Enquirer: 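For reference, the structure I am asking about is given below.
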Protein chains: 2
Amino acid sequence: MGARRATISDVAREAGVSPSTASVVFSGKTPVSTQTRARVLAAAERLGYSGPDPRAASLRTGRSGIVGVVFEEHLGDTFLDPVKTVMMDGLADAVAPLGAGLLLLRDHDPAGVGASLTTAPLDAAVLIGCSGMLRESLSVVHTRGIPVVVIEGDAGADVPRIDLDNREAQRQAASHLRSLGHERVVVLSLPIRTDWVPGWVPETAGIEIDVTRERRDGARDVFPAAPVYAAAASSIDEGLAAGRALLADPATRPTAVIAQSDLLAAGVIRAAEEAGLDVPRDLSVTGFDGIEVDGLAPYELTTLVQPAAEKGRAAGAAVAAMLDGRDAASIRFTCAFREGNTSALAPGAAPPASGPVDSGG
Amino acid sequence: MGARRATISDVAREAGVSPSTASVVFSGKTPVSTQTRARVLAAAERLGYSGPDPRAASLRTGRSGIVGVVFEEHLGDTFLDPVKTVMMDGLADAVAPLGAGLLLLRDHDPAGVGASLTTAPLDAAVLIGCSGMLRESLSVVHTRGIPVVVIEGDAGADVPRIDLDNREAQRQAASHLRSLGHERVVVLSLPIRTDWVPGWVPETAGIEIDVTRERRDGARDVFPAAPVYAAAASSIDEGLAAGRALLADPATRPTAVIAQSDLLAAGVIRAAEEAGLDVPRDLSVTGFDGIEVDGLAPYELTTLVQPAAEKGRAAGAAVAAMLDGRDAASIRFTCAFREGNTSALAPGAAPPASGPVDSGG
DNA sequence: TTGTATGCGTTATCAG
DNA sequence: CTGATAACGCATACAA
């Protein structure tokens with residue numbers, strides 16, 4: 001093997017054309033005669049040339065074809081969440097036409113080593129739910145002059161933002177429960193801050209995580225006095241543990257649980273089964289997300305279906321727009337209420353006059 | 001807003017030093033006097049210079065700090081599998097010290113658009129379980145002269161390979177069951193090829209997917225006549241559906257199911273519960289992977305714990321070695337057998353003489 | 001349709 | 001410790 005890789009100039013020389021002609025053969029930006037193209041391709045073949053060096057090309061064009069996706073947690077934790085997974089899929093779809101790929105970046109880079117917002121050759125960045133380091137990440141990206149989009153976070157007016165109307169959505173589920181006659185309702189929430197230990201949330205406690213707060217507010221719009229129990233994470237096991245705590249005392253047991261995620265809801269259902277309660281006869285449970293919870297059949301959650309893939313695609317579209325010099329608008333998606341078989345008339349309640357579903361607030 | 005971003009030369013000029021000195025301040029590759037450093041940093045601050053342009057730097061150094069990870073499926077499908085998720089985490093950890101990040105690449109790029117092995121500025125590539133397009137991907141990477149590592153796949157002798165001794169592992173679980181007196185055993189396998197429809201696998205059918213075949217062979221080493229039922233995917237729901245089929249007829253019902261993944265095993269357990277069978281009294285079930293199956297408590301699967309994170313880290317280490325000019329060896333990991341509470345003495349069998357666990361084969 | 005010239009922003013090398 | 005110089009490999013404006 002030669003000491004050095006062939007460059008486009010080598011190919012051009014071998015083919016007897018100029019470098020620019022050879023370049024054009026590969027980029028296709030300008031018409032080239034069939035003959036010339038064939039000669040160049042043949043020369044490339046002979047020299048084992050596999051196309052323009054992306055590094056050099058990106059310096060020249062100013063585009064690397066890479067969109068950074070910044071997470072605040074470990075990848076494993078992130079992808080455990082089906083919603084994020086689906087969202088990533090949507091995002092990947094949306095940036096593909098751009099000729100771009102997704103670079104996984106961790107917000108909290110332990111040693112300051114590793115690819116980061118500052119050192120990676122990014123065309124754009126997507127920040128996902130980065131509540132904490134958000135400001136820092138933003139300033140980095142801003143001084144680098146890189147277009148940025150935020151999903152589920154607030155980065156100020158000049159940064160396009162893709163999110164959900166969590167409050168309105170959660171309000172719908174709560175209204176649904178109220179119309180079914182429920183009064184003793186508890187909210188099983190996502191963590192209220194990082195490193196949260198599962199337990200009741202005091203009224204005086206501030207809720208640092210936006211999603212958690214917004215959904216709680218939605219529930220409170222309908223049930224102002226509903227207590228909030230926050231889990232440590234969104235998983236069936238966490239939901240199960242919380243459910244046990246919630247259902248432990250028959251005297252104070254709620255007739256409905258508003259869970260802030262489908263996984264938590266699934267856990268509550270398991271806890272109810274354990275406690276010998278029938279869902280939805282003895283206990284109604286609502287979820288949030290609208291994912292397929294593997295293994296939950298035959299239950300079909302009453303839940304809010306969030307357009308996860310759409311969110312990803314919207315973020316991709318926003319990136320595309322900004323890269324194109326246009327500016328991108330923020331988008332707030334709404335969730336679709338879906339009634340499953342995990343919610344029913346409150347025990348002892350009279351049927352509502354106007355049917356079980358009432359999404360008025 | 002200047003018309004143009006500041007470059008390192010601008011900073012150098014502003015600071016009254018040479019470009020090379022300014023460069024060194026940022027790279028830290030050579031000692032610089034405290035004074036000079038301060039002047040340069042101050043100048044950078046004034047000009048809003050956020051550090052060297054990664055594109056230009058990568059052209060010069062030949063390193064982009066990007067490791068491509070090639071999947072054969074949609075991201076969503078990939079990350080649904082907890083094992084892959086954990087593996088990615090290990091991989092991310094291992095490449096971070098390299099100053100590198102992970103670029104998600106899809107093997108099967110529909111339109112030929114999108115970042116790809118050919119067009120992305122990669123330092124190295126990791127191919128994951130790419131059975132189909134493997135050869136093609138390899139040749140691309142090879143002519144580009146990019147170091148490559150394969151996880152769960154065979155890319156020939158000169159490509160480092162990280163995988164599992166699936167056959168030996170599965171043999172252990174099978175031996176365990178045999179020592180418990182099981183004789184009517186069925187293998188619930190992963191798909192035998194892409195687009196597989198769930199069902200019994202005829203003896204004449206070729207098993208295209210290596211992992212599936214190797215695990216089946218391990219089971220067959222102990223139970224040569226065990227029939228194989230292949231699911232369409234690795235999930236609880238698929239396991240449930242398969243379990244129903246497997247347990248439908250009391251006359252031919254197996255006393256043990258060797259599932260090729262923990263998720264499938266969890267599904268079989270649900271199917272058993274549905275059928276009024278007690279696990280492990282009436283039916284033993286073994287899994288494969290050793291993940292935490294969310295919501296499976298109080299069951300703890302008897303399973304093979306595979307070192308998923310280690311696999312990722314090993315791949316990262318191999319990449320690091322190759323980037324360093326050393327060559328990387330292939331590694332075959334072994335699984336640890338873990339006895340949970342989902343396997344027990346076969347109905348009507350006498351206790352074994354030598355204790356329940358026997359890994360001889 | 002093809003060729004010529006130029007610079008993208010950096011960093012390695014080497015001399016001072 | 002600092003500075004001058006020379007690539008790195010390519011894509012574009014422009015001329016032919």
Side-chain angles (χ1 to χ4, degrees), chain A residues 2-40 43-44 47-65 99 118-123 144-146, chain B residues 2-40 43-44 47-65 99 118-123 144-146:
Chain A
R4 191 178 117 270
R5 299 208 74 71
T7 73
I8 205 170
S9 302
D10 298 330
V11 172
R13 197 176 318 115
E14 171 85 12
V17 301
S18 80
S20 59
T21 302
S23 172
V24 156
V25 166
F26 288 101
S27 75
K29 296 242 177 192
T30 300
V32 181
S33 78
T34 319
Q35 273 194 15
T36 317
R37 153 173 292 109
R39 280 226 309 286
V40 170
L47 267 41
Y49 179 77
S50 50
D53 180 336
R55 281 178 268 265
S58 77
L59 173 57
R60 184 59 237 242
T61 60
R63 288 286 163 84
S64 63
T118 36
T119 61
L122 305 179
D123 287 346
R144 277 188 68 184
I146 296 177
Chain B
R4 186 177 122 271
R5 297 208 75 67
T7 73
I8 204 169
S9 302
D10 298 329
V11 172
R13 196 175 318 113
E14 171 85 10
V17 300
S18 78
S20 44
T21 300
S23 171
V24 157
V25 166
F26 288 102
S27 74
K29 296 240 174 193
T30 301
V32 181
S33 79
T34 320
Q35 275 195 14
T36 315
R37 152 173 295 110
R39 280 225 309 287
V40 171
L47 267 43
Y49 178 76
S50 52
D53 180 336
R55 282 180 267 266
S58 77
L59 172 58
R60 183 57 237 228
T61 62
R63 287 287 162 81
S64 62
T118 35
T119 60
L122 305 179
D123 288 346
R144 275 189 68 185
I146 295 177

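Lettering follows sequence order; numbering is per chain, from 1. This one's a predicted model, so the numbers in the text were calculated from it and none came from an experiment.
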Enquirer: Of B/Arg60 and B/Thr21, whose closest DNA chain D nucleotide lies nearer the 5' terminus?
Expert: B/Thr21

Enquirer: Of the listed nucleotides (C/dT11, C/dT1, C/dT10), which one gets closest to any side-chain atom of A/Thr36?
Expert: C/dT1

Enquirer: Nearest-Å distance, CZ (A/Arg13) to C1' (D/dG9)?
Expert: 13 Å

Enquirer: Measure from CZ on A/Arg5 to P on D/dC8 and round the result to the nearest Å.
Expert: 15 Å

Enquirer: Just checking B/Val24: base, sugar-phosphate only, or nothing, at a heavy-atom cut-off of under 4.0 Å?
Expert: nothing

Enquirer: For A/Leu59 and D/dC10, what is the distance between atoms CG and C1' respectively, to the nearest whole Å?
Expert: 8 Å

Enquirer: Which of these nucleotides, D/dC1, C/dT1, C/dT10, is closest to any side-chain atom of B/Pro31?
Expert: D/dC1

Enquirer: With respect to the side chain of B/Thr61, which nucleotide from C/dT10, D/dT12, C/dT11 is positioned closest?
Expert: C/dT11

Enquirer: Between P on D/dC8 and CG on B/Asp53, what's the gap in Å once rounded to a whole number?
Expert: 19 Å

Enquirer: When you get a sec, tell me which of D/dC10, C/dT10, C/dG3 is the closest nucleotide to the side chain of A/Ser20?
Expert: C/dG3

Enquirer: Rounded at 0.5 Å granularity, tell me how far CD1 in B/Ile8 sits from CG in B/Leu47.
Expert: 12.0 Å

Enquirer: Roughly how many Å is it from CZ in A/Arg144 to C1' in C/dT10, rounded to a whole number?
Expert: 14 Å

Enquirer: Quick one: A/Arg63 CZ to C/dG9 P, roughly how many Å, whole number?
Expert: 14 Å

Enquirer: How close or far is atom P of C/dG7 from atom CD1 of B/Ile8, stated in whole angstroms?
Expert: 20 Å

Enquirer: Ignoring the backbone of B/Ala57, work out which of C/dT11, D/dA11, C/dT4 is nearest its side chain.
Expert: C/dT11

Enquirer: Using heavy-atom distances to pick each residue's nearest nucleotide on DNA chain D, tell me which of B/Ala56 and B/Ser18 is more 5'.
Expert: B/Ser18

Enquirer: Would you confirm whether B/Arg63, through its side chain, and B/Asp123, through its main-chain N or O, come within 3.5 Å as a donor-acceptor pair?
Expert: no

Enquirer: Kindly point out which of D/dC10, D/dG3, C/dT11 is positioned nearest to the side chain of B/Val17?
Expert: D/dG3

Enquirer: When all nucleic acid strands are considered with a 4.0 Å heavy-atom cut-off, which category describes B/Ser23: base, sugar-phosphate, or nothing?
Expert: base

Enquirer: So what does B/Phe26 touch, heavy atoms closer than 4.0 Å: a base, only the sugar-phosphate, or nothing?
Expert: nothing

Enquirer: Would you give the length of the straight line joining atom CZ of B/Arg60 to atom CG of A/Leu59, rounded to the nearest 0.5 angstrom?
Expert: 12.5 Å

Enquirer: Could you grab the distance from atom CZ of B/Arg144 to atom CG of A/Asp53, nearest 0.5 Å is fine?
Expert: 7.0 Å

Enquirer: For a quick test of reading the model, state the closest non-hydrogen atom pair linking B/Ser64 to B/Ser58 and the distance between them.
Expert: CA-CB, 3.9 Å

Enquirer: Nearest 0.5 Å, please: how far is CG in B/Asp10 from OH in B/Tyr49?
Expert: 9.0 Å

Enquirer: Taking the minimum atom-to-atom distance to the side chain of A/Thr7, which one of C/dT10, D/dG3, D/dG9 wins?
Expert: D/dG9

Enquirer: D/dC10 phosphate, OP1 or OP2: any side-chain N/O from A/Tyr49 under 4.0 angstrom?
Expert: yes

Enquirer: For B/Lys29 and D/dG3, what is the distance between atoms NZ and C1' respectively, to the nearest whole Å?
Expert: 19 Å

Enquirer: Heavy atoms from C-beta onward define the side chain here; which of C/dT11, D/dC10, D/dC1 lies closest to that of A/Pro52?
Expert: D/dC10

